[in-house]
Structure formats: C-alpha cells, structure tokens
Amino acid sequence: MSEPTRNPVGPTDVSMLGLGAMGSALTTALLDAGRSVTVWNRTPDRAAGPVARGAHAAGSVREAVAASPVVVTCLLGYASVREALGRAAGELRGRTLVNLTTTTPNESRELASWAAEHGADHLDGAVMAVPAMIGAREGQILYSGSRAAYDALLPLLGVWPAGEFHGEDAGRASLVDLAMLSGMYQMFTGFFHGAAMVASMGMSASDFAARQAPFLSAMTHELAGYAKVVDGGDYTVPGQQSLDFSDLSDLVRASEEEDVEPAPIAAVQELISRQIAAGHGSEGLPRIYESLRGAGPTAGSAEGGAA
C-alpha cells in the first residue's frame, strides 16, 4: 500500500496514534476546531483523509510522539498501546499521554506507572460514544489519572464530548466504562434471547423489537429505586418483589421447550437461587447484588469519586 502524501511534520498541538473509526473521528474534531495534529497509523494509507484536512502524517511512532506535547492513543487493545509506545519510549519525557484505548482498570494503572517511569504524565480516558457522535459532541468521555493533566488539557478535551473526571486512580474511568458496557451487552443479549424464543412462533426479530424496546425503556425507571435499596443495604424494605416470587425457572424451561439456549436467563436464575438457598427468599430482587459483589469492599466506599 502506498503511503499518503505527507505534510511536513513540525511542532503540533496533538499527536494521534491510531486512525480507526474512533481515532479518525477524534482527529477530525481536533482539526475542525483549528488544532494542529500529527497522525500515525500502523497502516499508513489510513492517514490520507486526515492529511487532506491538514493533519501531518508521521512516518513512525517515534516521529509522531516527538511532534507534540500531547500524545493520544486510540488503538486496538492494551498490547497495541504498549507495543507502539515502546518504540518511542525515549521521546515521552515531558509529554502528556492520553490513552483512549479500551483497557481494563489494571492495564490502565500499569500504563500510568510505565508512563511515569519514562517521564510522562498520564490521563486515561473511556469514550462513551460511537464515532458518529464525536463531531456532534454527543455522549461522554470519562477520565482518570493525573488531575493536573486533566485541568491543563481542558481546552483541548473540550473539543470532544463532555468529560467527567473520576479521580487520580488511573483505572477508575475504565472501571466505570466497562461496568456500563456490561449492562448494555447483557441487555442486548437478553433481547437476542427473547427474539430466539418467539422465533419459534414465527415472530420476526423486528416485530419483537417493536414490543421489547418500549417495555425495556419503561423498566429502566426501576433502576433508581433498586439503586437506593442496594446503597441502603436493607433488602427487606417494603414494596419490593421478593426473590421467591422472582424465581425464573419457568423462563429457563420455556427456553428449553422452544429449543433455545437458556444460558442468559439461567445465569440470572442461578444468582436468585443462591440467595434463596442462603435464606433470603423473602427479601427483594436487588439482593442478588450480594451474589455479584462477592467479598469486595462496599460499593461507594472508595475515595476519589467524580468531580
């Protein structure tokens, strides 16, 4: 593949490593806001679009990192970030590294430590948006890590969707991001499971979605009430649906009867059964939170909440 015609690389405001769908959207927003940007991508032809809009294409990661005081990584996984930055470790001193690649909390913390060892400040970010939302500044980006870096970069970060700082533990933004995605993917899986069930009677997934979407939307209003019960730690407060009443074994059996894999709903039933077996059947459905949290610290007890 041919490399795009490169604009000469000089000092720029930001260097973007990674020009996938999200990296390209973030770069375009920066360019539209009048920021000077140096770009690098493992596949050089991806830089053609940004270069046509005025970006500078770097021939190597080292060249890209050296071009700007702020280096943003938006790559495919933690291993890609470490591999790419490893080629430019000597250029990181005195710069700020903003990682917008999806990583686990411990990976984010490890990257922060690695960056510090190489003299760089570090800010971890989690983009709660799809690429199409970036230009419209919709969605949100969660940040954690260096508070000083976050405050200093606010004028630049303001080009993207609204940000929220979650504390100086570099892993916090990742944790919130992945927790929110957990709920989303389990909701989607629940929809796919339900669609598979009604397929046996000839109902299309589209027809089922037309019924499921408003129902799920209405059910989300229950989240605030459940959250109050969980935060209060008293699962006996009146007005709750009991675990005994919430037994889902009929849903499991119905799935099996329709030759549909029951695993999604069976997993929820297992959490309910565990609490009933422990003597909590008369308590409310939110009690299954205790099966999920294990022996970890009480939710909300850690310091450094959103600011």
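Values below: all heavy atoms of this structure, side chains included; hydrogens, waters and symmetry mates excluded. Not measured: the values here are computed from a predicted model.
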Side-chain donor/acceptor of [X] to backbone N/O of [Y], under 3.5 Å:
X      : Y      : result
Ser144 : Ala170 : yes
Arg172 : Gly167 : no
Ser24  : Ala21  : no
Trp160 : Ala29  : no
Ser174 : Gly171 : no
Gln212 : Phe208 : no

Evaluate the side-chain proximity of [Y] to [X]: yes if any heavy-atom separation is below 4.5 Å, no if none is.
X      : Y      : value
Tyr78  : Thr73  : no
Leu111 : Thr103 : no
Met128 : Ile141 : no
Val70  : Leu153 : yes
Val159 : Leu26  : no
Leu157 : Leu123 : yes
Arg95  : Val65  : yes
Thr12  : Val37  : no

Within a 6.0 Å radius of atom [atom1] on [X], are there more than 12 heavy atoms belonging to other residues, nucleotides or ligands?
X      : atom1 : value
Arg274 : CZ    : yes
Asp151 : CG    : yes
Met187 : CE    : yes

Hydrophobic clusters here meaning ILVMFWY residues chained together by side-chain heavy-atom distances under 4.5 Å, can you tell me if [X] and [Y] are in one?
X      : Y      : value
Val14  : Leu100 : yes
Leu181 : Val127 : no
Met22  : Leu31  : yes
Met16  : Val98  : yes
Met219 : Leu243 : no

Spacing of [X] atom [atom1] and [Y] atom [atom2] [to the nearest 0.5 Å]:
X      : Y      : atom1 : atom2 : value
Ile265 : Ser255 : CD1   : OG    : 7.5 Å
Ile276 : Leu271 : CD1   : CG    : 11.0 Å
Glu63  : Arg87  : CD    : CZ    : 13.0 Å
Leu223 : Tyr226 : CG    : OH    : 8.5 Å
Gln269 : Ile288 : CD    : CD1   : 10.0 Å
Gln140 : Asp177 : CD    : CG    : 10.5 Å

Start with the C-alpha distance between His166 and Val176, add both sets of side-chain angles, then the distance that settles side-chain contact (heavy atoms from CB on, under 4.5 Å), and finish with yes or no.
-> CA-CA 9 Å; His166 280 265; Val176 175; 3.9 Å; yes
Side-chain donor-acceptor contact under 3.5 Å, [X] with [Y]:
X      : Y      : value
Asp244 : Ser242 : no
Thr96  : Asp121 : no
Thr43  : Asp45  : no
Ser15  : Ser68  : yes
Glu283 : Thr236 : no
Asn106 : Thr104 : no
Ser182 : Gln186 : yes

Does [X] come within less than 4.0 Å of [Y], counting only side-chain N to carboxylate O?
X      : Y      : value
Arg42  : Glu83  : yes
Asp124 : Arg109 : no
Glu107 : Arg82  : no
Arg253 : Glu257 : no
Arg147 : Glu168 : no

Which atom names give the shortest non-hydrogen contact between [X] and [Y], and what distance separates them?
X      : Y      : answer
Ala64  : Trp40  : CB-CB, 3.9 Å
Ala66  : Glu91  : CB-OE1, 3.8 Å
Thr101 : Gly77  : CG2-N, 3.4 Å
Leu75  : Ser80  : CD1-O, 3.8 Å
Pro286 : Gln240 : CD-OE1, 3.3 Å
Gln241 : Ser246 : NE2-OG, 2.8 Å

Show the numbers, then the answer: is there a side-chain contact (heavy atoms from CB on, under 4.5 Å) between Ser291 and Gln275?
-> CA-CA 7 Å; Ser291 290; Gln275 289 298 322; 2.7 Å; yes
Do Phe165 and Tyr143 make the cut of ring centroids closer than 6.0 angstrom?
-> no
Below 6.0 angstrom between ring centroids: does that apply to Tyr289 and Tyr235?
-> no
Output, in order, the C-alpha distance, side-chain angles, deciding distance and verdict of side-chain contact (heavy atoms from CB on, under 4.5 Å) for Leu178 and Thr102.
-> CA-CA 9 Å; Leu178 296 179; Thr102 300; 4.0 Å; yes
Let me know which of Leu30, Thr27, Asp32 forms a side-chain contact (heavy atoms from CB on, under 4.5 Å) with Arg53.
-> Asp32
Should the ring pair Phe188 and Tyr185 be called parallel, tilted or perpendicular, given that the plane angle runs from 0 to 90° and is split at 30 and 60?
-> perpendicular
Under 4.5 Å side-chain linkage, directly or through intermediates, the cluster mates of Leu76 = none
Apply salt bridge (charged side-chain N to carboxylate O under 4.0 Å, His left out) to Glu222 and list each qualifying residue two or more places apart in sequence or on a separate chain.
->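 Result, salt bridge (charged side-chain N to carboxylate O under 4.0 Å, His left out) vs Glu222: none returned.
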Is there a side-chain contact (heavy atoms from CB on, under 4.5 Å) between Leu17 and Asn41 once you walk through the steps?
-> CA-CA 6 Å; Leu17 309 185; Asn41 194 72; over 6 Å; no
ring-ring contact (aromatic ring centres under 6.0 Å, His included) involving His193 - partner list, sequence neighbours excluded | none
